[in-house]
Amino acid sequence: MFDLNIPLLSLLIWTPLLGGILLFFINQKNDSLIKLIGFTFSILTFFISIALLINFDTSQYLLQFVEKRSWITTLNINYHLAVDGFSILFILLTTTVSCLIILFNFSESRQQNNKYISLFLILEGLILGVFCAFDSILFYIFFEAMLIPLFLIIGIWGGPNRVYATIKFFIYTLFGSVLMLVALLYLSFKANSFYILDYYNLALSLDIQILLFLAFLIAFGIKIPMWPVHTWLPDAHVEAPSSGSVILAAVLLKVGGYGMIRFLLPITPDAGLYLNSFLIPLSLIAIIYISFVALAQQDMKKLIAYSSVAHMGFVTLGIFLVFNTIGQTQDVQDISHIGLQGSVMQMLSHGLISAGLFICIGIIYSRTKSRMIDDQSGIGQVMPVFSALMMFFLLSNSGLPGTSGFVGEFMVLIAAIKNNIIYAILASTTLVLAASYSLWLGKRVLFGEVSSDIVTSMKPLRLDEFWPLLILAILVILIGIKPDILLDISEESSLNMIKIITSKY
Amino acid sequence: MINYLYIFPEIIITSALCFIIVLDLFLPSRLKYISYYLIQFSLIFCVYYIYSHFNYLDSNVSELYNTGIFSNIFKIFILLSLVIIFYYTSVFLNYFNIYKTEYFLITVFGLLGMMIMISSENLLLLYLGIELLSLSLYSVIAFNRNSLFSSEAAVKYYILGAISSGFLLFGISLIYGLTGSLSFNEIFIYITSLNISSNIDSVEIIGLLFALIFILISLSFKFGAAPFHMWIPDVYHGSIITTTLLLSTIPKIAVFVIFIKLLAIVFSGLFLFWSDMVIILSILSILIGNIIAISQTNIKRMLAYSTIANIGFILLGLSVGSVIAYKAAMFYTLTYVITTIAVFGLLSQLVYKSKSVENISDLSGLNSSNPFLAFLLMVILLSYIGIPPLLGFHAKLFIIQALVESNNIPLSIFAVLMTVIGSFYYLRVIKVIYFDELKDELLITSKLYFTGTYVIGLMLLGLFPDILGQLSQYSISNLFNA
Amino acid sequence: MYWQSMIIIFSPLIGAIILLFKNKSTDFLSSIIANSAIGISMLLSLWLFISYVSGHNISESHLIYTWYATSGYFFEIGLLIDSLTIVMSFIVTFISFFVHMYSITYMKGDPSFKRFFIYTNFFTFSMLFIIFSNNFLQLFIGWELVGLSSYLLIGFWYNKPSAVSANLKAFVVNRVGDIGLLLGVILILITSNSLNYIDFFDKLPLLRDSTINLLGYHIELLPFIALLLFIGAAAKSAQIPLHFWLPDSMEGPTPISALIHAATMVTAGIFMVARLSPLYDLSGYVLDLILVIGVSTALFMGMVALVQNDIKRIIAYSTISQLGYMTAALGASYYSFAIYHLLTHAFFKALLFLCAGSIILKCHHEQDITKMGGLRKIMPITFITFFIAGISLMGVPSMSGFFSKDLIIDIFKYSNNTFVYYSLVLGVFITTLYTSKIFIKVFLGNNQLKIKKKLDLEHSDALIIPLLVLAIPSAFIGWSLFDGVLFNGFFDKSITDYTRLDQFYILHVEHSLSFFLHSLTSLSFIMIILGIVASYFLYYKDDGLLEKISDKFPLLRNILLNEYGFTSLSNTIIPTYFKRLANIIWMKSDVSIIDNFFVNGTANLINFISSKARLMQTGYLYHYAFTMIIGLLLFLIIFYDF
Amino acid sequence: MNVEIIIFYIFSLLLLSSSIAVVTVNNPVKSAISLVFSFFCSAILWLLLNAEFLSIILILVYVGAVMVLFLFVVMMLDINISQAKEGFVKYFSIGIFVFATIAGLLSYFFYNQFDNSSKNIITSIDLIGTDNTKNLGYLLYTEYLLAFEIAAIILLLGIISAITLTLRKSATNKYQNPSQQVNVSKSERLRIIKDEDREK
Amino acid sequence: MIPMSHYLIVSSILFSISLAGIFLNRKNIIIMLMSLELMFLSINFNFIIFGNYLNDLTGQIFVFFILTVVAAESAIGLAIIVVLYRNRQSINVQDIARLKG
């Protein structure tokens, strides 16, 4: 550990934002310059996040790299950035995936490319802001500001039904977040501060906690998304351009899970315990029901979108199970710590895998101009390398051990079984269901006879398409075989979180 | 006796008016711009004067008139807003060849009315100020004489405005009858001397309640709060766009000042009653504004309903009755005015099929023809929705924060939910601008340098909301200390 | 031992990775890399096996690396090296090596030649990963990885629709079993706080009386875990009712059928139960269930083989049936017998498949045995090796299969479990029937396909050598390992049935020779002879006889053809109902109720209210004035009461 | 029974009935006349209330100027008055209801509020001073000077806006524009035409 | 002696009549204007009554200003009506409903 006097977090957030603003002023005809700038800024952000990782002390749970400046003095709102073990993982995910997306974008040509990439950079900066902000209003600001770039990305460059999808997406998520605003303000009123960690120490009555809990739940539940508020996601995915889908699935959904860990767990544990008999079924429904819905899809993107919802069911399950440890023995707490870690892991892994899958679908779409499963068949014979990669991601998506997809599910199931074996039995059906829809997709699209001339004439994989996929695949395997690289980073924070929750009451 | 130094800003304006009225008669049409610049100059000079005598003026002229820091801040704000409005107006009128100096002159009369309203410490002066403002607005609305819409709007506004004046006067007469005075200060003393909570059914209190209802209704009418909002959509729709710009911005500030002075100071003893009334007004406004706006196709009309909703938010802040809430309401008002100037100013610069922009669909595909303009419009609309980190968000944040601090959680939830519903119609405009196909090229009446700077300033204000926040805090604390 | 084992495990993986990233390589180079990778493993395994057999019988556990460690819980990747490991590793690498060698010829000219070897190398690695694992997590990982390899290899010819359907089915069915395995593994983790086998076995006495709450019922923990784990084993080892993927998996290349779907992967379930013998010893009623499943699989699946005509499918059903025998042995707690049968079966069944592959290759990928015939002269080596493997399978005394199978049958004979005993003996009769059927139809009779005899051997050396090499253990390994290894305490350190074994040996076997002599009078030998006689009449002498018999029992025939309904269940009913259910959930619930009714419904409702509410703004001045006045009135009325 | 009371009741009745006539009569001219009569009645009532100056102003300014303006506009616009008041009956009941409620509420309130104390009796004695006009004037020019100035501005605004709104440059009218006349330049006044014929 | 409440009641009835007149009138805007005049008249009444009651001239001062302002207001109102009439050739209340919804 050596102390850097650079405000690394501000740098992290503002590098992509400035890059985005800069790109607005670049002539949209100058395509190579746009790509160069976009990539430079994203890779720069990535390096900053690596610097962050190197300097991060994993042996403690305290906030690190704290930056605090007063911002809105009338309400005592501060520009307060910091990271802990959870945030840094998500920061890494964001910077990595963003880098790869911009790399992947090289393969696509479109109108107003400067704005497209600019919006991506801005989105990246805002998402990073969410993960760094420790002032609740600052958090909220980043949380909600994220909507705009994505709204535009989907709306301007999206598919034919984009208007419906974007407005639905926007209003849905806005609806969720505004209630959270009220909750945050209430908490800040009680705590007399906007610093998130101050909320952890509040003693709130159960009724209040339940209300707060519901507010946060709606906000993050929509974002993540949970059943039954998931319906915006398939629409948004289907209409989004490929890279938009990637960032939506890979990073944006994680904000919901991150928020749950940051707010739901430590602030309203009692309410969580009280409502758990209602929440855990929701997660289980997400896992089973949504998997069935995924099975019925004809559109590749929709299928993967629904599969995202199902996977996020595991995340919420792992998080909600933590509530059940309140008042239990140390043994149970340790297990729920594993569950929490599993949720984090599941998010990270899903970030990588869904990114890979959406890139794959984007590659198919860019060649066949169709996302319908029925329209393609036998791509494996035309694009073997691509098919191998896509198959790999599909298998990871079905939770194959040795890939990252397994780790999170496994750890969450550990926590589930400790709580109630029925939860685990129901949740573990995902092994079959996820395998069914993932492999069924692979079977229909990649295998079989070549269906049409369009497929026959598909161009082979280009390097700028190949590398993002390969890097993602390597990461997926790496995490799958040695997950403690990442799990150790959040270990202390997670233990501390459990301690906060259980010691509070 | 009056120390005329204190009312020097008003004197500057009045004398400039008188001078320009005469001068304009003798100016040839190609030199009419001189009077325009003179007006602008006198306004700016007035700002300068108020600013340089900011503290010096901090005293009561008499029982009638107060020129404290509180009033001065608003006066400067109004004057500056009017300068910007005049800029857009002159561009607009010149483009459509309906330029007349009288338009500006009549507006400046209204300005004078507003300054009187802001400074008034007496119901009589308040009445005169309101009337001066209203009369000038009636004429300004009807200014585009050849338009059927304009004259219809003017008639509607006139009749309803007169009714509201009647209500105001009726209320004032009751106050006068009960307290024997028209001075804010004396009324305040009278009301606080009554022991409200113990004799809640006493006749005096019922009388005051009657007066309060009449005055509140009249002011709500001027503000545009439901159910006294009926004029707003029609008048906004019927007027030329720069008049709409005028109508929707600075009068709201003046009315807000009156609201805050009357409710927070004069009738502060009756808080128990008026907070409920204001809550009813605000709930109705937010509901009606947001919901009816959804089905609008005319952009001015849509913005009119959005105004109603915004007014509802301001009233929501006022209803809390704490200093923080007044601050929040003031912040909201300023934000609303700044944003509204931006949106109408920007729209006034657009020409569709050689007419001013009317329907939302006129804007379709703006992004492909003029991306910068589209961007500016989007920023403004997002600010209206309250998307952080734009100014509109902070405004809503302040209001909701005030509500939460007063433990009024259901109202705050209502407010945020209506924000979500409200976001829909703004989004529809953004959708038209960004996602729809280009229909006919939109022309721009002038370069976007000013508007661009203005909107970017708006964004900066959003990043540094402390500027407006501190201003609100400063002025509200001054109001209560004075 | 650590490094040898590491090399055994990772050599195939390295081979696979080299092949994967080696861009340009000829088929020859690929095969060299793949074979040498496996070859190294095989040689080391062989060496280890010999050293273990010759007395160096120790059990040791190593940590390779930590997967994840948190307070109180430790997830690791490690090695457990003991006699069971060594035997399994010997089987796997040995067969794998020869199948690889065989595949060089078999797969020659295939455009995806390299890919094939990547898969097989990877499979070998995964299998070894399971075998050497010292903990449940690793077991599960390897379990799924072999499933993956199997999936990939079944669908090797991915443009063949039947192949991709079959591999999907195989994977999904295996996943059903994996649910059980995973839950069992996790239950073990949370009850014993460890995933390590040895730690778990140490804790077993403490867990004997613990129960688990399932829907309010308190269920004994250990049997429950055993049951869950057995579900995994049943799926992998193709036991009823999760067996139906195995026949379909014959869509893959024949060497794969030999390697994965006969000799190694499908035996993983047997291996696991044997590995966990301390647990199963304590699992009570679950053992009975295992026994029932094993016996019924052995009997009923063998019967299905009778009505099949596809050579590979017959052998596949035979495999299932033989796995049933092993399972039955497990159910009787004679785990070592199961492992022993696993060992012998691996050789002769692999050999059978390789022979079948050889035949198929010769017959230009014709697999229907009724269309073949008279290959005896054309393929003498295949004929001889097939004969050896066949009689081994039937259990003709002195062959490998005899020693292992008759041991299993004898368990029940001596334990007076007559029903099981007769069932298994009947199974021997059936085995004999279908083995003879293949033999007769393929090698005897007329050369229907008009295949020409070439002057050289029937195929190249690389194809013949494996056949010959595998024929040796198929014939002799049973006898050679019987006294010296099986009953000599070889498995004492790894499997808990040594006391039973010793007793069995003393009471019923005495010696291999006496066992052999004794068996000549046993019921099963009679059955074999009966079977051969019957098949002579049924298949060789009179073609019409079989038809007549089957016409007499149409119901039985149909049941058998339909595999007791499993075919239609797995091919049509489950997929159709799954799809239908999925569609209903999607269209009815997700789209109609949640999305259209709640989400869009709210939006439409607001829109509707809006369009109605805007009519309030009539445009008439008197209405506006009226509204104001009514507003005034309401305010007056509301607040008058204050 | 005193004269004042008689006057009060008579003129109150007249006032109310004429104002009802203002509202209900079809013809705007009649309506205007009724209004004039209402003003007149109120002026008399105001006299009773010691507001001599205002009652005279009411007659002078209102009846003399404003109502004349009304009548003038009514005449000028030549409004078609023959149409029947359709829908009047339909809304009449609501009108009566609203009227009754508001009037009832207010009257009830006033009755309770101001009927009890002895101060509530309007006396005929002039309490404010002998010269109502003078007192008013004094107050107007001292205490309410600012208001007075503002009233002047309002009137100025009234003038300007009324003119701006109604002044129309009719095409048929011939009129001179003083600013044009004053600012005329030489070049505009004199046009030099080349006489081409002569050059030839 | 006339009780003050009688005066006030007269004025409040006047006020109510004017209010009713405003929305009962469906034909002519000018009549609406006249109703408004009635309303102001009633308010003036109030002021004068209260002034008298309080023995204070402020009420009458107020009335003076109301008269002034209402005169100016009427002038502008009539001007607007004239403008409207020129555009529409009608000042029928039912005709001026182009702006709605």
Side-chain angles (χ1 to χ4, degrees), chain B residues 106 122-125 127-128 130-132 134-136 138-139 141-163 165-183 231 233-238 292 295-298 301, chain E residues 4 8 11-12 15 18-19 22-23 29 32-33 35-51 53-56 58-59 61-66 68-70 72-88 91 93 95-101:
Chain B
I106 293 169
N122 186 300
L123 288 171
L124 173 57
L125 238 64
Y127 168 67
L128 291 176
I130 287 178
E131 281 304 309
L132 191 49
S134 308
L135 293 186
S136 106
Y138 301 150
S139 343
I141 294 165
F143 174 78
N144 190 15
R145 295 183 309 190
N146 299 324
S147 156
L148 181 58
F149 280 166
S150 282
S151 43
E152 181 178 331
V155 166
K156 283 178 173 170
Y157 187 37
Y158 173 80
I159 301 276
L160 297 173
I163 296 173
S165 296
F167 285 179
L168 178 70
L169 286 172
F170 197 88
I172 291 175
S173 77
L174 281 178
I175 294 269
Y176 172 68
L178 289 164
T179 66
S181 170
L182 294 173
S183 155
W231 60 280
D234 288 4
V235 171
Y236 279 26
H237 184 186
I292 304 188
S295 55
Q296 297 304 321
T297 51
N298 183 296
R301 242 186 139 73
Chain E
M4 172 187 175
L8 284 170
S11 118
S12 57
F15 188 78
S18 68
L19 279 185
I22 289 166
F23 70 88
I29 287 184
M32 265 188 180
L33 254 59
S35 299
L36 285 172
E37 296 295 337
L38 273 181
M39 185 194 266
F40 288 112
L41 187 67
S42 89
I43 291 159
N44 289 340
F45 249 105
N46 268 4
F47 273 109
I48 289 172
I49 297 160
F50 284 131
Y53 155 67
L54 295 164
N55 203 1
D56 179 23
T58 317
I61 294 280
F62 213 118
V63 173
F64 175 82
F65 285 111
I66 293 174
T68 319
V69 170
V70 171
E73 200 168 347
S74 309
I76 292 177
L78 289 169
I80 292 171
I81 287 175
V82 168
V83 170
L84 179 73
Y85 184 77
R86 283 182 186 159
N87 280 322
R88 202 171 221 308
I91 53 167
V93 193
D95 289 342
I96 50 167
R98 290 280 294 274
L99 296 165
K100 64 178 174 186

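To find a chain, count down the sequence lines: A is the first, B the second, and so on, and within it residues start at 1.
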Stepwise side chain to side chain donor-acceptor pair (under 3.5 Å) test for E:Ser11 and E:Asn46: CA-CA 7 Å; E:Ser11 118; E:Asn46 268 4; 2.6 Å; yes

Spacing of CZ belonging to E:Phe15 relative to CG belonging to E:Leu8, to within rounding of 0.5 Å: 13.0 Å

Reported OG1-to-OH distance for the pair E:Thr58 and B:Tyr176, which is rounded to 0.5 angstrom: 4.5 Å

Pairing residues for E:Asn87 by the side chain to side chain contact (heavy atoms under 4.5 Å, CB included) criterion, not counting sequence neighbours: B:Leu148, B:Ser151, E:Val83

What part of [X] gets within 4.5 angstrom of chain E, counting heavy atoms only: side chain, backbone, both, or neither?
{"X": "B:Ser295", "result": "neither"}
{"X": "B:Leu128", "result": "side chain"}
{"X": "B:Ile163", "result": "both"}

Close side-chain approach of B:Phe149 to B:Val235, heavy-atom, < 4.5 Å: no

Chain E contacts, top residue of [options] (heavy-atom pairs, under 4.5 Å):
{"options": "B:Ser139, B:Ser147, B:Pro233", "result": "B:Ser147"}
{"options": "B:Ser181, B:Ala162, B:Gly161, B:Ser165", "result": "B:Ala162"}
{"options": "B:Ala142, B:Ser150, B:Ser134, B:Ala154", "result": "B:Ala154"}
{"options": "B:Val155, B:Ile292, B:Leu132", "result": "B:Val155"}
{"options": "B:Glu131, B:Arg301, B:His237", "result": "B:Arg301"}

Option in E:Asn44, E:Ile66, E:Leu19 with maximal non-hydrogen atom pairs under 4.5 Å from chain B: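 Counting heavy-atom pairs under 4.5 Å, the top option is E:Ile66.
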
Leading residue by heavy atom contact count with chain B [cutoff under 4.5 Å; candidates E:Met32, E:Arg98, E:Met39]: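 Ranked by contacts with chain B, first place is E:Arg98.
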
Aromatic plane relationship, B:Tyr127 with E:Phe62 - under 30° parallel, 30 to 60° tilted, over 60° perpendicular: tilted

Name the region of [X], side chain, backbone, both or neither, that has any atom closer than 4.5 Å to a heavy atom of chain B.
{"X": "E:Ile61", "answer": "side chain"}
{"X": "E:Phe47", "answer": "both"}
{"X": "E:Leu36", "answer": "side chain"}

Intermediate values then yes/no, side-chain contact (heavy atoms from CB on, under 4.5 Å), E:Ile81 and B:Tyr158: CA-CA 10 Å; E:Ile81 287 175; B:Tyr158 173 80; 5.8 Å; no

Under 3.5 Å donor-acceptor, B:Glu152 side chain and E:Leu99 backbone: yes

Distance-only donor-acceptor check, side chains B:Tyr157 and B:Asp234, under 3.5 Å: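 B:Tyr157 vs B:Asp234: no donor-acceptor pair found between side chains.
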
